[in-house]
**Student:** 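This is the structure I have questions about; it appears just below.
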Amino acid sequence: MTEVALQAVELVRRIEGDVAHTLVNGIDLAVNRGEFVAITGPSGSGKSSLLYLLGLLDAPSEGEVMICGQPTSKLSESERADVRLTKCGFVFQFHFLLPEFTSLDNVLLPMRAAGKMGEAEMHERGLALLGSLGLAEHANKRPNQLSGGQRQRVAIARALANRPEIIVADEPTGALDTKSTEQVFSILRDIADNGQTVIVVTHDPALAARADRRIHIVDGKVAEITGRDEGRRVCEMAN
Amino acid sequence: MKLLFNIAWTHVSTRVRQTLVGMAGVAMGVGFTIMMAGLMQGSQLDFLRQLVDTMPHITIEDERRSVPTQPAEQEYGAVQMSDIANVGKRPGIKYPETVMSSLRSWIPGDVAPSAKTTAIVNHGGARIGITLTGIDPRREVQVSKLASQMREGKIDDLSRAPNGIIMGEALAEKIGVKSGDTVLLIGGQGIQLNSTVSGLYRSGLKRVDESHIYSLMGPAQVMMGQNGVVNQLRLRLNDPMLAQKVAAQVEAQTGYKSVSWQEANADLLSSFTVRDFIVLTVMGAMLLTSSFATYNIISTITHEKRQDIAIMKSLGMREYAVRRIFIIEAAIIGLVGILFGWVLGYLLCYGWSMITIFNPLTGTTVPLSIYYSAMHYVVVGGISLLCCAGAAYFPARKATCVHPVEIIRGAS
Ligand SMILES: Nc1ncnc2c1ncn2[C@@H]1O[C@H](COP(=O)(O)OP(=O)(O)OP(=O)(O)O)[C@@H](O)[C@H]1O
Ligand SMILES: [Mg+2]
C-alpha cells in the first residue's frame with residue numbers, strides 16, 4: 001500500500017482585481033511518498049502557481065491541499081509557515097542564498113529556525129548534506145564564491161535540511177549548463193529514491209522523461225498525465 | 001534568537017558607514033537632550049532654591065479663606081450684604097504665642113511672628129509703595145535667610161538705630177539712599193515715621209528686593225495703628241516640599257489662612273509647567289529626529305534584502321521573527337549610539353558648567369547650574385531606544401508583510 005504524501009483537491013487560484021486571471025483552474029492531484037513528479041507545460045500555463053500552492057507558499061482561492069493527509073486550507077499564515085519549515089523544501093530557479101553567509105550557514109538556516117537540534121548536531125547534518133551533494137570543500141564559501149551549479153546544490157541542501165516530506169522545485173536547472181543540470185537532476189532522483197517526495201517543474205522533456213510521472217498543464221488545468229509506472233496513475237489514486 | 005541576531009549583525013556590520021551615521025545621529029540626539037535636561041532642571045532648581053530661601057515656606061495671616069458669615073445672615077436665611085465691614089473683626093492673630101507654641105509642637109520646622117503692613121517710603125522726590133514687615137530679630141533667623149542675605153549691616157542693627165529699617169539694595173539704589181540715611185515712612189492712616197536705614201539686603205528676587213522693608217515689630221505696629229498686633233506668622237520647614245501639606249493642616253487647626261510658598265507663587269510655578277512642556281516637546285522632537293538616520297538605514301536594508309526576506313519567509317520563518325531581525329539592527333545602532341550619547345551629554349554638561357554667566361537676578365556672575373541626574377540618562381536613553389525601535393518597526397513591517405511569492409516571481 002503506497003502512502004499519499006501530497007494531495008490537491010479541485011485546486012483553484014484566482015487573481016482578482018483589474019488584471020483578473022485564473023492561474024490554476026481546478027486541479028486534482030495525488031502524489032505518493034517517494035514519487036518523483038515532473039510538471040510540464042507551456043509558459044504561462046500556471047506551473048509555478050500550482051507549485052506555490054502545493055508547497056503552501058500561496059493559498060488557494062478554492063480547494064484543498066493535504067500534506068500527509070492533513071488539510072491545510074484552514075491554517076493561519078503562521079501555521080502554514082510552520083508546515084513549510086518542517087514538511088516542505090523549496091528550490092527555485094534562482095538560488096536565493098543569503099549572500100553574507102557561507103554555504104554551511106545557509107544550510108543551517110532552516111534548522112536554526114526550527115530550533116529542534118543542538119548546534120553540534122546541526123553542524124554535523126549540514127556538513128553531511130553538503131558532502132552528499134559534493135560540496136564538502138565549499139562549506140565555508142559564500143555564494144558569490146561558488147559556481148551557479150554549486151549554488152543550486154547548496155540551495156537543494158538547504159531545502160533538505162529539516163528532512164521535509166516534500167521537495168518542490170521550480171525550474172531548478174533553468175539557469176544551469178548541461179553538466180550541472182545533469183548533476184542536479186540525479187540528486188533530485190536520489191532524493192526521491194530515498195523516500196522523499198519530489199515535484200519538479202521543468203521545460204526540459206528529456207529531464208521530465210526521467211520522472212516517475214509527468215503532469216502536463218495547459219491553461220491552469222491538467223491536460224495529460226503520463227507515467228512510467230501506470231500503477232501510480234492519479235485517477236486510480238483519487239479513488 | 002541567536003539566528004536573528006546573527007543575521008542582524010551581518011547586515012549592520014557590512015554597512016559600516018551607514019551604521020556609524022545612524023549611531024552618530026542617535027548619539028547627538030541623546031547627548032544634546034541630556035544637556036538640555038541638565039541645563040533646564042539646573043536653572044529651575046536654582047531658581048526654586050532662591051525662591052524657597054527668600055520666601056517664608058508658609059505664611060499664616062489673620063484672614064479667613066471665605067468671608068465669615070454675618071450675624072444678620074445667620075439670623076435671616078436670605079439677606080444680601082453689601083458694603084458692610086466684618087462685624088467684630090479685630091485685626092491680628094489671637095493669642096499668637098499660644099498658636100506658635102502649639103504649632104512648634106508638631107510642624108517639622110519653626111515659626112516666627114511678624115506684623116505686616118503697607119506703607120509709602122518717601123525720600124527726596126521718590127514715593128514708593130512698599131510692604132513693611134515688623135520682625136523679631138531673634139526669632140527671624142529661625143524662619144528666614146535674611147541674616148545671610150544682608151549686604152550691609154546686620155539684622156540686630158535694627159534695634160540700634162531709631163526706627164531702624166532694612167531695605168533691599170535694589171530699592172535703596174532706586175530711591176538713592178545709603179545705610180545710615182533717614183527716610184520717611186507714611187502709613188495707611190497717615191501716620192508718619194522717620195526711620196533710619198540700618199542695613200541693606202539682597203535676596204536675589206528683584207520683586208522682593210524692590211518692595212520689602214523690614215523693621216522691628218514696634219515701628220510696624222505703629223504704622224498700622226495697632227499696638228501689639230501680630231497679623232502674620234511665618235513658617236520655615238525643614239523640607240520646603242512639604243509646605244502645601246503642612247499649610248493645609250495648619251489652616252485646619254488654626255482656622256487662619258495659611259499660604260504655602262507654592263500657592264503664593266502659583267503663577268510662576270505654572271509658567272514653569274508651560275516651560276517644561278515646551279522643553280520636553282523639543283527634547284522629544286530631538287530624540288525622534290535623531291532616529292531618522294536609523295529609519296533611513298533600516299529602510300535601505302529592508303529594501304536591499306527583499307529577496308532574503310522572501311526566502312526566509314518561504315522557508316518557514318515567521319513574519320514577526322523576520323521583522324525582529326530589523327528591530328535588532330535598530331537596537332544595535334540605538335544602544336551603541338546611546339552609549340556615545342551619554343558620554344557626549346556628560347561632556348556637554350561639563351562644558352557648560354565651566355561657563356559663567358551674569359545673573360540679572362542676583363547681579364553676580366555665576367557658573368551655569370547644571371543638574372546631573374542618572375534619571376536623565378536612563379529616561380533619555382530609554383526614549384531614544386524606543387524611537388529607534390519605532391523607526392525600524394515601520395519599514396520592517398512594510399518589508400516583511402510582502403508576500404514571498406511576489407518577490408520570488410519577480411526574481412525568477
Ligand atoms: N499577480 C498576477 N496577476 C495577474 N496575472 C498573473 C500574476 N501572476 C501570474 N500571473 C499570470 O498567471 C499565469 C501563470 O503564471 P505562472 O508563473 O504560474 O506560469 P508558468 O507556467 O510558471 O510559466 P513559466 O513557464 O513561464 O514560468 C501567467 O499567464 C501569468 O501572466
Ligand atoms: Mg514558472
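Residue numbers start from 1 in every chain, and the chains themselves are labelled A, B, ... in the order their sequence lines are given, proteins ahead of strands.
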**Student:** Most heavy-atom pairs under 4.5 angstrom with chain B, which of A/Pro99, A/Ser48, A/Ala159?
**Tutor:**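 Most heavy-atom pairs under 4.5 Å with chain B: A/Pro99.
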**Student:** Under the rule for salt bridge (Lys or Arg N to Asp or Glu O under 4.0 Å), what residues qualify as partners of B/Arg15, not counting sequence neighbours?
**Tutor:**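 For B/Arg15, the residues satisfying salt bridge (Lys or Arg N to Asp or Glu O under 4.0 Å) (neighbours in sequence not counted) are B/Glu304.
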**Student:** Would you indicate whether B/Phe272, at its atom CZ, is surrounded by more than 12 heavy atoms from other residues, nucleotides or ligands within a distance under 6.0 Å?
**Tutor:**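 Yes, the 6.0 Å shell around CZ holds more than 12 heavy atoms from other groups.
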**Student:** Do any of residues 53-63 of chain A come closer than 4.5 Å to chain B, heavy atom to heavy atom, and if so which ones, in number order?
**Tutor:**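 The list, in residue order, reads A/Leu57, A/Asp58.
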**Student:** Would you confirm whether B/Thr289, through its side chain, and B/Ala285, through its main-chain N or O, come within 3.5 Å as a donor-acceptor pair?
**Tutor:**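 It does hold such a pair.
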**Student:** Can we say A/Arg112 and A/Glu119 salt-bridge, meaning some charged N sits less than 4.0 Å from an Asp/Glu carboxylate O?
**Tutor:**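 Yes.
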**Student:** What orientation do B/Phe5 and B/Trp9 show, parallel under 30°, tilted 30 to 60°, or perpendicular over 60°?
**Tutor:**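 Parallel, since the angle between the ring planes stays under 30°.
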**Student:** State whether the number of non-hydrogen atoms from other residues, nucleotides or ligands found under 6.0 Å of A/Lys221 atom NZ is greater than 12.
**Tutor:**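 No.
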**Student:** Residue by residue, which of residues 75-90 of chain A have a heavy atom closer than 4.5 Å to a heavy atom belonging to chain B?
**Tutor:**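 At a heavy-atom separation under 4.5 Å, chain B is reached by A/Ser78, A/Ala81, A/Asp82, A/Arg84, A/Leu85, A/Phe90.
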**Student:** Describe, in one word, how the ring planes of B/His376 and B/Tyr371 are oriented to each other, choosing from parallel (under 30°), tilted (30 to 60°) and perpendicular (over 60°).
**Tutor:**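 Plane angle over 60°, so perpendicular.
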**Student:** By a 4.5 Å heavy-atom criterion (distance strictly below it), what part of B/Leu4 contacts chain A: side chain, backbone, both, or neither?
**Tutor:**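 For B/Leu4, neither part sits under 4.5 Å from chain A.
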**Student:** Please answer whether the main-chain N or O of A/Pro172 pairs with a side-chain N or O of A/Gln152 as donor and acceptor at a distance below 3.5 Å.
**Tutor:**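 Confirmed, A/Gln152 side chain pairs with A/Pro172 backbone.
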**Student:** Do A/Phe92 and A/Phe94 have ring centres separated by under 6.0 Å?
**Tutor:**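 No - the distance between ring centres of A/Phe92 and A/Phe94 does not fall below the 6.0 Å cut-off.
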**Student:** Which salt bridge (charged side-chain N to carboxylate O under 4.0 Å, His left out) pairs, counting each pair once, include a residue from residues 142-165 of chain A, with sequence neighbours left out?
**Tutor:**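 For residues 142-165 of chain A: A/Arg33-A/Glu165.
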**Student:** CZ of A/Phe101: more than 12 outside heavy atoms within 6.0 angstrom?
**Tutor:**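 For A/Phe101, atom CZ is crowded (more than 12 foreign heavy atoms under 6.0 Å).
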**Student:** Let me know if B/Ser314 has heavy atoms under 4.5 Å from chain A in its side chain, its backbone, both or neither.
**Tutor:**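 Looking at B/Ser314, backbone and side chain both touch chain A.
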